[in-house]
2 protein chains.
Amino acid sequence: MVRSEGETPTLDQVARLAGVSKATASRALNGGARVSPQAQAAVDDAVRRLGYTPNAAARSLATRRTGSVGLIVPESDERIFADPFFAQMLHVVTRSVKAHDLQLVLLLTQPGKEEQRLMRYLRGRFVDGVIVTSHHRGDRLAENLAELGLPAVFIGSPWTNTDRVSIVESDGIGAGRQAARLLIDRGCRALGTIAGPADMHAGHDRLEGWRQEVSEAGLVADAVVHGDFTEAGGARACGVLLDEFPGIDGIFAASDLMAAGAVRELTARGRRVPEDVALVGYDDLGVAEQTDPPLTTFRNPIGAMATEAIRLLAQRIDEGPGEPPRRIVFAAELVRRASA
Amino acid sequence: MVRSEGETPTLDQVARLAGVSKATASRALNGGARVSPQAQAAVDDAVRRLGYTPNAAARSLATRRTGSVGLIVPESDERIFADPFFAQMLHVVTRSVKAHDLQLVLLLTQPGKEEQRLMRYLRGRFVDGVIVTSHHRGDRLAENLAELGLPAVFIGSPWTNTDRVSIVESDGIGAGRQAARLLIDRGCRALGTIAGPADMHAGHDRLEGWRQEVSEAGLVADAVVHGDFTEAGGARACGVLLDEFPGIDGIFAASDLMAAGAVRELTARGRRVPEDVALVGYDDLGVAEQTDPPLTTFRNPIGAMATEAIRLLAQRIDEGPGEPPRRIVFAAELVRRASA
DNA sequence: CTGAAAGCGCTTACAG
DNA sequence: CTGAAAGCGCTTACAG
C-alpha cells in the first residue's frame, strides 16, 4: 500500500492515481455501469494500492442510504442471554442480513425505558430500517416507527398500529389449538396452560388458540397461569397450577424453557410425564431434546421468519415509501417426542 | 409537530423557523457556546416544533466523528450465548458507553473468518473506535487495527503488537499463582489444572501463573488439560485429568463454567469436593454459587475493565493519535466458598 | 454574539 | 464512456 499509516485515502486520490475523474472512479467503484475496461482496471488498481474504502458518512449523505439495519430488542440482558430464542434469532438475522449485504446494528434497549433515546438515534438515520422483535404491550414502537416513516418489520405482531408496519409472525393461535387438540386426543380432560407474559403478543395468541380449542371441546379453560418465558418461571407457574388444579393431566407451556421448568416441578412432585401429566412445549431450539422426557413441542419458524423479515425490509428500503405494509404468517410445525 | 409524516426536517428549516442563520442554529444545538439566550430559545423551540434530529451522516462528515464505538467479539454464537462472561461484558460495556454518550455497535464475527469484511467496515469509519474482547491467537486484529490508526482498546491482551494498542486486562498470572498457593496451603500435593483454550491469552496467563507457583513449591506441574471454556468441555477435561492422574487432589479450572463441569464429573466418579479433590474456579459470575458445593473462585473484574476500557477509548478518540497506548492490569480477587 | 462561506467525501443527473 | 458541477446536511474558522 502506498499510503502511510493513519491518513485515510479519499476518492479524489484514487481518481488522480487512476488518471480519471472522481465521477468515473465512483462509477467504477459502484458496479461499473458505463465504465470502460481500461478505466475500471485503473481504478481497481488504484484502490488496491491505496487500500481505499469509501467513507461511510460521505456516501450515506450522498445516497441517503447507510447500508445498515437495526435489530431492536426491547428486552432485559438477563432474558436475552438466558433464552435460546434470542441466540437463534440473532444468528438467523445475522445470516440473512449478510445475504443482502447489509450491516447489522444491534439495538438493545430496556423494555419501556430509553425509547426516546432510541427514536432520536433512528431519526438521525443511522440505519436504513429496523427489525423489531420481542416487543411488549406497553411500548409505542409500532406507532413511533410508523410516524417516523422508517422502514420497519416486526417479527411477532405488535399490539397496536398493526396496519401501519410490516409483520412476520408464527401462527400462535394455530399452535395453541393444535396443542390442546393433541392433549385432548390422548385422553386428557383436565387441561392447563403455562402462558407467556401477558404483555407479549406471541404468548397471547398461543393462549387464545388453546382457550378456543379447549372450550370448543366442551372442557373448562380456566387453568391458566402466566410465566415469564424463563425456566424458573415455568417451574413456579407449574407449581401454582398443581396447587390450584390438583387433578390436572395435560399442560401446554408457551415455551420450552418454561416446559423444562414444568418437567422439573412435576418430577419433584412425583408426577410422571407423560403418564400422569402430558406436556407440550413451544420453540424446539435445543432444550426440548435435553429434558427428560424430551418434549413434544412446536418448531418456532425463526429461520423462515428472519429470512422473510429481512427480505421484506430490504425491499421496502429499496422501493421507498408508498407500498402498503405486509403481513406474513408462518405455521408452527408440531414435533412429537415423548412428553405428550 | 409541524412537519408531516415522512419528510425529515433539516437544520436549514430549523434556522428559518427560528429566524437565525444555520451557523447559529448549529451552535445552539451543540451546547450553545456563544449564543444569545433569545437565539437559543428560538432554536430550541423550532427544534421541538419540527421534531428535528441532526442527520448523522452529515454531522459525521463535518465533524469526522460518528459518536459510535464498536464492540468486536470474534467468537461463535454458541459460546457467546452459553458463557455468562459475554452477557456480563455486554452489560457493563453498554452501561459504560452510555455514560460517555456513545452508541454501541456490536460487531460479532466468526473467529478467524470475515476479518476482511470487518476491516472494510472499520476503514469506512462507521465507528470512532473499538473495544475488542475474546480475541484469539490466530487473528490479526491488533496489527490491523494499529495500522488502521483506529482508536482501539483490547480487554485481555492480544498475542502480538501489544505495544501498539491499549490494553485492559486482569492479572491472570497472579490468579494462577494464588490458586495454586491456596491448594498447596490446604494440603494438596497432586495438582492439576483445566486450562483455557491455548489460543486465548487469558487462559494462557492463568496457566502460566499456576505453573510457576506449583514448580516453585517443588511439585510437578504436568497435569494440564486444555478445555474450551464450556461446561461440557470442563467435564471432559476433568475426566482426562482423572484418567491420567488418578491421585489428583487439587484442581484449578480457568473458568467457573469448566469448574462446574468438573464438579459434575468428579461427583459422577464418586470423588467428593473438596474432601477428595479441592477445586478452584475463575469468573464468579453466578454459576459459582449454583454448583454443589459452591465454588471458591476469583472475581473477574469485568465491570472495572469495561469502565476503564471505555474511558481510555473515549480519551483516545478525543485527543487524537500521538498519545502512546496504555496498559492497565486489574487484580483478580479471591472469593472463598466451599470447593477449596 | 452572528452570518456568509468553505469544506467534510461522496454520488449523480447532465451535457458532451 | 467521461468529466464538471451541483448537492447531500451538517460544522467551523473567519470577519464583523
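All chains are named by letter (A, B, ...) in the order of the sequence lines, taking the proteins before the strands, and each is independently numbered beginning at 1.
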[X] [atom1] - [N] [atom2] separation (whole Å):
{"X": "A:L11", "N": "C:dT11", "atom1": "CG", "atom2": "P", "answer": "6 Å"}
{"X": "B:Q13", "N": "D:dC8", "atom1": "CD", "atom2": "C1'", "answer": "14 Å"}
{"X": "B:L29", "N": "D:dT12", "atom1": "CG", "atom2": "C1'", "answer": "14 Å"}
{"X": "A:L61", "N": "D:dT11", "atom1": "CG", "atom2": "P", "answer": "12 Å"}
{"X": "B:R34", "N": "D:dT12", "atom1": "CZ", "atom2": "C1'", "answer": "9 Å"}
{"X": "A:L50", "N": "C:dC10", "atom1": "CG", "atom2": "P", "answer": "11 Å"}

Out of [options], which has the shortest distance to the side chain of [X]?
{"X": "B:A58", "options": "D:dC8, D:dC10, D:dC1", "answer": "D:dC10"}
{"X": "B:A62", "options": "C:dT11, D:dT11, C:dG9", "answer": "D:dT11"}
{"X": "B:R59", "options": "C:dT11, D:dT11, C:dT2", "answer": "D:dT11"}
{"X": "B:V20", "options": "C:dG3, D:dG3, C:dG9", "answer": "C:dG3"}

Residues in side chain to side chain contact (heavy atoms under 4.5 Å, CB included) with B:D163, at least two apart?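 If we apply the side chain to side chain contact (heavy atoms under 4.5 Å, CB included) test to B:D163, skipping adjacent residues, there are no hits.
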Going by side chain to side chain contact (heavy atoms under 4.5 Å, CB included), name the residues that satisfy it together with A:R65, two or more places apart in sequence or in a different chain. A:T63, A:D128, A:I317, A:D318
Just the atom pairs and distances: protein N or O near nucleotides 4-6 of chain C's N or O, under 3.5 Å.
none

OP1 or OP2 of [N] versus the side-chain N and O atoms of [X]: is any pair under 4.0 Å?
{"X": "B:S36", "N": "C:dT2", "result": "yes"}
{"X": "B:N55", "N": "D:dC8", "result": "no"}
{"X": "A:R64", "N": "D:dC8", "result": "no"}
{"X": "B:T24", "N": "C:dG3", "result": "yes"}
{"X": "A:Y52", "N": "C:dG9", "result": "no"}

Under 3.5 Å: donor-acceptor pair, side chain of [X], backbone of [Y]:
{"X": "A:Q40", "Y": "A:V35", "result": "no"}
{"X": "A:E115", "Y": "A:R140", "result": "yes"}
{"X": "B:T307", "Y": "B:G303", "result": "yes"}

What nucleic acid atoms does A:S26 come within less than 4.0 Å of, heavy atoms only: base, sugar-phosphate, or nothing?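 Answer is base: heavy atoms of A:S26 come under 4.0 Å of a base.
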Looking at every strand, decide which applies to A:A39 at a 4.0 Å heavy-atom threshold: base, sugar-phosphate, or nothing. sugar-phosphate
Could you note down all residue pairs passing salt bridge (charged side-chain N to carboxylate O under 4.0 Å, His left out) where residues 31-45 of chain B supplies at least one of them, sequence neighbours left out? B:D45-B:R48, B:D45-B:R49
Does anything in residues 303-315 of chain A pair up under salt bridge (charged side-chain N to carboxylate O under 4.0 Å, His left out), and if so which pairs, sequence neighbours excluded? A:E308-A:R311
Mark yes when over 12 heavy atoms from residues, nucleotides or ligands other than A:R327 sit less than 6.0 Å from its CZ; otherwise mark no.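 Result for CZ/A:R327: enclosed.
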Side chains of A:R59 and A:N30 only: does a donor on one sit below 3.5 Å from an acceptor on the other?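 Yes.
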Between the side chains of A:E169 and A:H201, is a donor N or O closer than 3.5 angstrom to an acceptor N or O?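 No donor-acceptor contact under 3.5 Å links the two side chains.
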Can you list every stem that DNA chain D is part of, counting only runs of 3 or more consecutive Watson-Crick or G-U wobble pairs with both distances under 3.5 Å?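 If one scans DNA chain D for consecutive Watson-Crick or G-U pairs, the stems found are C:1-3 with D:14-16, C:5-12 with D:5-12, C:14-16 with D:1-3.
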What integer number of Å spans the C1' atoms of C:dT12 and C:dG16? 16 Å
